[in-house]
Amino acid sequence: GVTANVSVGDENVSVESVSATTTERANLSLSVDASSNRTATGTDVPEPTASTTVGYLRVDHESPTGTFDEVAFRVTVERDRLAALGREPGAVQLLRYHEGSWKRMDTTPVNTTGETLVFRGVTPGLSTFAVAVVDDRGGGGVANTIVPPTAAVTGPETAVVREPVTLDASATTDNAG
């Protein structure tokens, strides 16, 4: 697997890194965008229901279907944004828009002690994502699909905002065995 360290986003939400584990050797080119405004990221997906969206992530790529075993994001959310919504860090959930609906990703708090909160989300593929505070009291609108994480070895690269991020997964390690 390969990790690209990025700094893309705005005052409420940003992407700090993207890690990808591929099913086979592949040269990848990804373009990552993040914003608290859905239209600023160029997405044309519906708003998730049963949640309040903090921000959106969009990852454009030209990889064939089935290229990825796992993709993990490290996303930051400003504590002030959650406080303005009256919510705690435990309510943050990353969602993936796939096949016409929003599905929950496995979301883990990494650091919730400072003013900038860090979360890790894991998904089997790339598309449009939402960083949301989910209202688990009602249920409707967000499929309760959790994608389990798997291990990956990563090596950092650095990208500049709005610059395509290229991940070369030619040197991978299988940590499953």
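Contact detail for Val134 and Ser51: the closest heavy-atom pair is CA-CB, 3.9 Å. When all heavy atoms of Phe73 and Leu126 are compared, the pair lying nearest together is CZ-CD2, 3.9 Å. Leu117 and Gly114 make their closest contact through CD2-O, 3.6 Å (heavy atoms, listed as atom of the first residue, atom of the second, distance). Nearest approach of Arg81 to Thr53, heavy atoms of both residues: NH2-O, 3.6 Å.
Residues Trp102 and Gln93 form no side-chain contact, since every pair of their non-hydrogen atoms from C-beta on lies 4.5 Å or further apart. Between Val59 and Val18, every side-chain heavy-atom pair lies at or beyond the 4.5 Å cut-off. With contacts defined as side-chain heavy-atom distances shorter than 4.5 Å, the pair Leu95/Met105 does not qualify. Using a 4.5 Å heavy-atom cutoff, the side chains of Leu57 and Thr128 are not in contact. Using a 4.5 Å heavy-atom threshold, the side chains of Ser127 and Arg96 count as touching. Side-chain contact between Val54 and Leu85 is present, with heavy atoms from C-beta onward closer than 4.5 Å.
Distance check, rounded to the nearest 0.5 Å: CZ of Arg120 to CG of Asp106 gives 8.0 Å. Between Glu88 atom CD and Leu82 atom CG the span is 8.0 Å, to the nearest 0.5 Å. Taking CG of Leu94 as the start and OG1 of Thr123 as the end, the distance is 9.5 Å to the nearest 0.5 Å.
Evaluation of the side-chain contact (heavy atoms from CB on, under 4.5 Å) rule for Thr76 yields Ser14, Glu16, Thr116, Val118 as partners, not counting sequence neighbours. With sequence neighbours excluded, no residue forms a ring-ring contact (aromatic ring centres under 6.0 Å, His included) with Phe119.
If you look at Tyr97 and Phe129, their ring centroids are not closer than 6.0 Å.
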Please step through side chain to side chain contact (heavy atoms under 4.5 Å, CB included) for the pair Arg74 and Val110, ending with a clear verdict. CA-CA 8 Å; Arg74 282 178 61 105; Val110 175; 3.4 Å; yes
